[in-house]
Amino acid sequence: MTAVLELRGVTKAYAANQVLRGIDLVVGEHEAIALIGASGSGKSTLLRCIDLLEEIDDGDILLDGEPITVPGLDPVPIRRRLGLVFQAYNLFPHMRVIDNVILGARRAQKMAEDDARAAGQAMLERFGLGDRGQDYPDRLSGGQQQRVAIARALLARPRALLLDEVTSALDPELVGEVLELIRELKAEGMTMLIATHEMTFARDFADQICFLAGGRIIERGPPAQMFTAPAEVETQRFLARLLAANRV
Amino acid sequence: MSAVPALTTREDRQRARRRRAIRSGLIATASTVIVIGGLATFVLTSPGWPSVHRFFLNGHWFNVSFSSVLSGFWLDVRMFLICEVGALILGLVIALIRTVRVPALLPVRIVAVVYVDVMRGIPTLLWVYLVGFGVPTLNLSGLPTSPIVLGEIALGMCYAAYVSEVLRAGIQSVHPSQGAAALALGLTPAQALRHVIVPQGVRRVIPPLLNDFIALQKDVALVSIIGPQEAFRVAQIFAAQYFNYTPLLAAAALYLCVTIPMTRLTDYLQGRSLRERGAVLALGPR
């Protein structure tokens with residue numbers, strides 16, 4: 001079976017700042033992989049590179065076995081097959097919630113207005129936001145906004161969902177509702193790659209944990225092994241620091 | 001815990017607040033009376049005031065000239081409405097050309113940059129003059145020769161340059177993450193501009209845009225130098241013919257009738273957008 005996503009030796013630098021130094025990663029169908037690591041370790045950049053928002057310097061990224069980082073390839077149709085959710089939600093403040101959710105379906109997928117509205121409304125209802133469609137995003141709580149952002153990314157039925165620190169901007173009491181939603185998606189078999197600081201969540205949710213530091217994947221493995229018996233010193237240090245800060 | 005007697009009671013605070021309000025009101029009233037009254041006395045007691053009253057504030061000449069000045073003013077209104085629409089469309093086109101980084105558009109972008117530099121750099125009056133007399137001299141068929149149309153074109157061209165800069169600032173002020181979110185949804189760069197970036201950018205600069213329109217609404221008077229008999233021109237002809245300047249004041253009053261409501265609207269919108277961003281800081285005595 002081909003992997004949904006495959007990264008081979010991906011590197012990326014911003015001027016002299018080498019952010020990714022050769023990332024190899026395979027995300028299989030229905031698999032959820034959590035990327036952990038300190039701020040600046042390259043997690044966000046990696047997700048932006050996969051969604052082709054950044055051009056990689058070297059290596060290959062394959063989606064369903066097909067290379068998507070070939071120079072000259074139009075990124076637009078490829079982005080339509082992936083969903084990306086941002087840390088700061090990035091909802092469109094000038095559009096109502098429902099219009100945020102269906103913009104991609106309407107303009108990228110060219111879905112008919114009525115069909116898109118029906119699909120968007122169904123998605124909002126499923127996420128417990130059925131009555132907020134006519135509101136503007138700033139009327140919603142952070143947790144609700146992030147759920148709208150996830151609905152927006154899901155409406156196009158992406159092959160994989162890329163989640164970039166989706167709970168980091170939320171007040172602690174709002175984190176739960178978003179994580180709950182992600183758990184549901186996982187139960188439904190959505191393929192996911194998640195950058196996160198929520199270690200407890202990563203531990204009981206992800207199939208595999210990848211620890212990033214300095215633009216490399218230092219260590220990877222199933223959560224049980226990574227959190228109890230990490231092999232690498234750097235991983236041990238990172239987890240010890242989190243433990244000291246009461247985050248595990 | 002034992003009850004500690006409050007050092008300041010609610011009544012004390014309310015009394016202090018009332019005292020402060022009364023004092024502020026008194027100071028404001030007194031300073032207004034002194035300043036306005038002083039100015040009025042100064043002007044009204046000046047040695048030339050009787051002749052000013054006769055030559056500039058003459059009721060008779062106001063009545064005689066008003067209907068002609070008013071009909072001239074309708075021409076102003078028609079001209080600035082057309083100029084505003086034209087400047088807005090051309091301004092948006094220029095702003096987009098200067099924002100979008102497509103290699104094929106480089107020559108157009110150069111033209112746009114030069115255009116904006118030139119239009120902002122020369123006096124509007126001079127440009128009206130050049131277009132008004134230069135274009136007919138070209139003697140090309142198909143080009144307009146009516147001074148009204150030429151005046152509208154000249155003024156619209158000038159203001160398109162200003163409008164384009166305001167719009168460009170608005171478009172560039174939209175955070176890049178908005179564009180990233182639009183692209184991540186699978187929108188093309190053009191769709192991201194059309195549905196996400198431009199609507200937000202334009203909304204932010206509506207107050208400064210209206211500011212430019214206020215300037216345009218009175219600058220239509222410049223078109224008079226190439227002939228059209230708009231309000232200022234009509235008033236000027238009256239003044240020259242009868243040696244009385246009251247018609248000019250009538251024209252001024254008419255311009256104010258459109259510019260002041262527009263100014264108030266701009267202030268209102270500006271205040272609202274500041275409030276929305278929570279940026280209002282009241283300075284003054286507490």
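Naming: A, B, ... by sequence-line order, numbering from 1 per chain. Basis for what follows: all heavy atoms, side chains included, without hydrogens, waters or symmetry-related copies.
- Chain B forms more heavy-atom pairs under 4.5 Å with one residue of A:A105, A:A156, A:A153, A:P93 than with any other, namely A:P93.
- Each of B:V174, B:L187, B:T188 has some count of heavy-atom pairs under 4.5 Å with chain A, and the biggest count is that of B:L187.
- Classification of A:K43 and A:D164 as a salt-bridged pair fails, no side-chain N sitting under 4.0 Å from a carboxylate O.
- Interface remark: A:L91 contributes backbone atoms only to the contact with chain B (heavy atom separation under 4.5 Å).
- When only modelled atom types and interatomic distance are considered, B:R204 and B:S173 share a side-chain donor-acceptor pair under 3.5 Å.
- At a 4.5 Å heavy-atom cutoff, the contact between B:Q191 and chain A is made by side-chain atoms alone.
- In this structure, the side chain of A:T69 engages the main chain of A:I61 through a donor-acceptor pair within 3.5 Å.
- Using a 3.5 Å distance cut-off with no hydrogens or angles, the side chains of B:E84 and B:Q217 do pair a donor with an acceptor.
- Within the structure, the ring-ring contact (aromatic ring centres under 6.0 Å, His included) test picks out no pair touching residues 77-126 of chain A (sequence neighbours left out).
- Between B:F80 and B:F213, the distance separating the two ring centers is not shorter than 6.0 angstrom.
- In this structure, chain B has heavy atoms under 4.5 Å from both the backbone and the side chain of A:L103.
- Each of B:H175, B:R203, B:R194 has some count of heavy-atom pairs under 4.5 Å with chain A, and the biggest count is that of B:R203.
- Residue A:R152 touches chain B through both its backbone and its side chain, counting heavy-atom pairs closer than 4.5 Å.
- Ranking A:D74, A:N90, A:L52 against chain B, the residue ahead of the rest is A:N90, based on heavy-atom pairs under 4.5 Å.
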